[in-house]
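Working notes, structure below.
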There are 2 protein chains.
Amino acid sequence: MWMRIFWPIGWPNYANLLFLFPAFVSIHRASISDLAAQLNLSVSTVSRALSDHSRISDATKKRVWELARHLNYQPNQLAAALRKGRSNTLGVVVPHIDGQFFALVVKGIETIANQAGFNVMICQSNEDAAQEQKNIETLLNAQVDGILLSLSLSTHDFRHLEEVRRREIPLVLFDRVVENTDVSAVVLNDYQGGYEAVSHLIAEGCRRIAHLGGPQHLNICKNRYQGYADALQRHDLPLDPLLLHFSDLSIQDGRQGMELLFDQTPHLDAVFSCNDLALVGAMQVVKRRGLRIPQDVALAGFSNELFDSLTEPMLTSVDQRCEEMGRTAVQMLLEMIQEGPTKVAPRQVVLQPKLLIRESSQRSMLQ
Amino acid sequence: MWMRIFWPIGWPNYANLLFLFPAFVSIHRASISDLAAQLNLSVSTVSRALSDHSRISDATKKRVWELARHLNYQPNQLAAALRKGRSNTLGVVVPHIDGQFFALVVKGIETIANQAGFNVMICQSNEDAAQEQKNIETLLNAQVDGILLSLSLSTHDFRHLEEVRRREIPLVLFDRVVENTDVSAVVLNDYQGGYEAVSHLIAEGCRRIAHLGGPQHLNICKNRYQGYADALQRHDLPLDPLLLHFSDLSIQDGRQGMELLFDQTPHLDAVFSCNDLALVGAMQVVKRRGLRIPQDVALAGFSNELFDSLTEPMLTSVDQRCEEMGRTAVQMLLEMIQEGPTKVAPRQVVLQPKLLIRESSQRSMLQ
DNA sequence: GACAATTGCGCAAACGTTTGCACAATTGTT
DNA sequence: AACAATTGTGCAAACGTTTGCGCAATTGTC
């Protein structure tokens, strides 16, 4: 047995006492028709008054707003969404949120989205293509107004993206993207990052620089590798296959890779890793072999993870402008949502990386 | 100008080609009434068939399912939510998601929630009470079916929780909770964790054990401190105020705290920190002073952060059963949602911590 | 063969908004 | 004074489901 109680304006507001009787009284959330009934207005007028429509008199608006405040009226977003065909919700798919990078990107996304009055639904693909596809479906079913996506390691085909396009849901990729496509995206200049990091190692006197690379179908890994290769070439150093090792870049992968590289090329004098996790693995191996960092082997990585300043020595790394990436990605998405899906020409924003030089690569200062 | 095109069963399915003409054709998502029209059934019958209602004949069900598959019918969750008064969405509020702990809890939550067919909306309070309140409002407005909450550092009053109760939205707190209340919660036995860590330090021969503590209005910090204090007492060691330092436990706080403690009590021989971030700060100061870890000063912390195994020495820490916490919290919430908000008696689940002993505290092996 | 129970389906209302259209009252224009 | 434009409001349909109730046809029971 439920009671719905009208609470005329002017009566004292006991609402905050009602939690004392949770078992007896259920507060029915005031709806527009409640307001309308109490004010002797029609639902449509109230609705328009609430949205500050120009054809409603100031007097009426005032009455409506007052009662709305008094009854603590909160619009039913679901109803509005159903009617308008827009849910005011954005969907985000990231490979994972442990680890500094995506956590910060998500923070940037949330900040801006909330400011713009949007809710955010976050999904993790756990680096799994199938899960990523499921995530996308979930978001589409939840009727999100737009989707932000960073691809999982194992994503090779992009049919789920076609589905998004078919439904005309705005989509912005970030960081790990599909290249050469007309989907909007915001990425880091990974090539530049790799190039700068390796040039720095060369400037510090390194000549045999190994590379721990990631899956080459991922734009970020490919471009970082390309930056590595070009930096070598630019400084007339050979690109030696024996100095290369590709993996999924876990810490364990880093350890294994480093062992292998040492076996192949005992006299290497630096490592540039595609991420910091693998770099830490490599660091452990270097230490275990009794070599000094950076004197014998200099190290540089990518991502500027939190732990980079906590290891010994502290690790040189390329910063990825995480929050900025999140913010610009969501801004692009909001623009697409407002302008209509087909109005905005797809564009790619490229952010500039920033090399953070720390102990693990600063040889020159020691000699 | 929109076209809605019926696509009779049996016709070839060109849907995946349509993305070629995004400008001309907009695929109207098939709705129940589309199915009904094509099958010469009523909407209600189709609806019931889709949900496998017992009063619908198998033959009809089969026809419906087939066409649904063929048209790639996806139910409109918003409409269903509106009608049923349930959105199939859960809300989560965490202080932040950078850092291992909450990221893993969230992962646990997502896994279970998705399995149960629920969407998840994640909000960050950024350790700010006002933001936390806003988050709760946002979630309530989005009509979530239940809320999972871990309090921010600066949350002192709990009126926003009363609002949740008033609306009869199931609520489960986790980790950082309001104690002595009838709200369901799942927490770690922080007391036990503190007690074990400090007992371990004592067993390793430490006698003047300092404590880096957090805000004492937070249950977790208070209990960890209590565990520390009781372990000392149990082993007949004095509780010396000069060995205590309380802060917000940032890495910077850890550094400052450690400096202060050293100034007050130069001959301390161990530190138990309420979290690992502050412990790392402390570690840096210990090293800077030229003292050996663990021989001169042993270290133990709380949270088992990723970087604990990457520092040198590796840090002893109490593991918090992150994913398990997320999973049980969301399970409790789902139960409350299914059974009805007032049916389930509030209960508190306490998880047992696990002390992970690493180099930073293993004195006995060295001597 | 009369009646009850079961099976299979449709009607229509409801959830809480938004919005095109209509209409009356007021104001402005000549 | 006649007409147009503007202002303020209401009616009703629509968004896509779910669900209580009703009704006919079928099946089962004695």
Side-chain angles (χ1 to χ4, degrees), chain A residues 2 4 26-65 67-68 71-89 117 140-143 145 167, chain B residues 2 4 26-65 67-68 71-89 117 140-143 145 167:
Chain A
W2 298 118
R4 285 173 59 159
S26 156
I27 296 254
H28 167 80
R29 284 181 68 183
S31 74
I32 282 197
S33 57
D34 293 335
L35 300 191
Q38 287 195 51
L39 294 172
N40 265 325
L41 288 172
S42 72
V43 222
S44 40
T45 302
V46 175
S47 170
R48 280 189 256 256
L50 288 171
S51 53
D52 205 7
H53 193 284
S54 62
R55 293 282 282 277
I56 303 295
S57 71
D58 290 347
T60 310
K61 281 184 192 169
K62 207 175 160 197
R63 286 176 65 213
V64 172
W65 291 341
L67 185 62
L71 295 187
N72 189 25
Y73 167 76
Q74 305 282 72
N76 185 327
Q77 287 195 34
L78 291 177
L82 175 60
R83 168 64 225 234
K84 294 202 283 193
R86 311 181 34 197
S87 63
N88 255 264
T89 301
L140 288 176
N141 268 346
Q143 322 260 91
D145 295 336
R167 298 230 193 137
Chain B
W2 298 116
R4 285 171 60 156
S26 156
I27 297 253
H28 165 79
R29 284 180 68 182
S31 73
I32 281 198
S33 57
D34 293 334
L35 300 193
Q38 285 195 55
L39 294 172
N40 265 325
L41 288 172
S42 73
V43 219
S44 40
T45 302
V46 174
S47 169
R48 280 188 256 254
L50 288 171
S51 52
D52 205 6
H53 193 283
S54 62
R55 294 281 282 274
I56 304 295
S57 72
D58 289 348
T60 312
K61 281 183 193 169
K62 206 176 160 197
R63 287 176 65 213
V64 172
W65 291 342
L67 185 63
L71 294 187
N72 189 24
Y73 167 76
Q74 307 281 71
N76 184 327
Q77 287 195 34
L78 291 177
L82 175 60
R83 168 63 226 231
K84 294 202 282 192
R86 311 181 32 196
S87 62
N88 256 264
T89 301
L140 288 177
N141 267 347
Q143 322 260 92
D145 294 335
R167 299 228 193 139

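Letters A, B, ... mirror the listed sequences (proteins, then strands); counts begin at 1.
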Mapping B:Asn76 and A:His53 onto DNA chain D by nearest heavy atom, which one lands closer to the 5' end? A:His53
Sugar-phosphate only, base, or nothing, as touched by A:Ile32 at under 4.0 Å among non-hydrogen atoms: sugar-phosphate
note: B:Leu50, atom CG; D:dT17, atom C1'; distance rounded to Å ~ 11 Å
Would you say A:Gln74 and B:Leu140 make side-chain contact, with heavy atoms under 4.5 Å? no
Between the side-chain atoms of A:Arg48 and the base atoms of C:dG20, is any donor-acceptor pair under 3.5 Å? yes
Does the side chain of A:Ser47 reach to within under 4.5 Å of the side chain of A:Leu50, using non-hydrogen atoms? no
Gap between atoms CG and P, on A:Asn141 and D:dT17 respectively (whole Å): 11 Å
To the nearest Å, give me how far apart CD1 (A:Ile56) and P (D:dT7) are. 13 Å
Compare all side-chain heavy atoms of A:Asp52 with those of A:Lys61 and state whether any distance is below 4.5 angstrom. yes
When you measure only distances, ignoring hydrogens and angles, does the side chain of B:Ser44 come within 3.5 Å of the base of C:dC11 through a donor and an acceptor? yes
Taking the side chain of B:Leu82 as its heavy atoms from C-beta onward, which of C:dC15, C:dG20, C:dG10 lies nearest to it? C:dC15
When the distance from CG of A:Asn40 to C1' of D:dG8 is rounded to whole Å, what number comes out? 16 Å
Side chain of B:Arg83, base of D:dT17: donor and acceptor closer than 3.5 Å? no
A:Arg55 vs A:Arg48 side-chain heavy atoms within contact, under 4.5 Å: no
Nucleotide D:dA24, atom P - distance to CZ of B:Arg55 in whole Å: 15 Å
Counting any heavy atom closer than 4.0 Å, what does A:Leu78 reach on the DNA or RNA strands: base, sugar-phosphate only, or nothing? nothing
Give a yes/no answer on whether the side chain of B:Ser42 brings an N or O atom under 4.0 Å of OP1 or OP2 in C:dG10. yes
What nucleic acid atoms does A:Asp58 come within less than 4.0 Å of, heavy atoms only: base, sugar-phosphate, or nothing? nothing
Residue pair A:Thr45 / A:Val64, side-chain heavy-atom distance below 4.5 Å: no
Return no unless some side-chain N or O of B:Ser47 is found under 4.0 Å from OP1 or OP2 of D:dT18. yes
When rounded to whole Å, the CG to C1' distance for the pair B:Leu41 and D:dG16 reads 17 Å
B:Tyr73 side chain N/O closer than 4.0 Å to the phosphate oxygens (OP1, OP2) of D:dT17? yes
Quick one: B:Lys62 NZ to C:dG8 P, roughly how many Å, whole number? 16 Å
Assess the residue pair B:Asp34 and B:Leu67 against the criterion (side-chain contact (heavy atoms from CB on, under 4.5 Å)); give the C-alpha distance rounded to whole Å, side-chain angles, the decisive distance to 0.1 Å, and a yes or no. CA-CA 10 Å; B:Asp34 293 334; B:Leu67 185 63; over 6 Å; no
For A:Thr60, which contact category applies under a 4.0 Å heavy-atom criterion: base, sugar-phosphate, or nothing? sugar-phosphate
Hey, which of these two, B:Ala79 or B:Val46, hits DNA chain C nearer its 5' end, going by closest nucleotide? B:Val46
Can you tell me the distance, in whole Å, between the NZ atom of A:Lys84 and the C1' atom of C:dG20? 16 Å
Report which part of the nucleic acid A:Ser57 touches: base, sugar-phosphate, or nothing (heavy-atom distance under 4.0 Å, all strands). sugar-phosphate
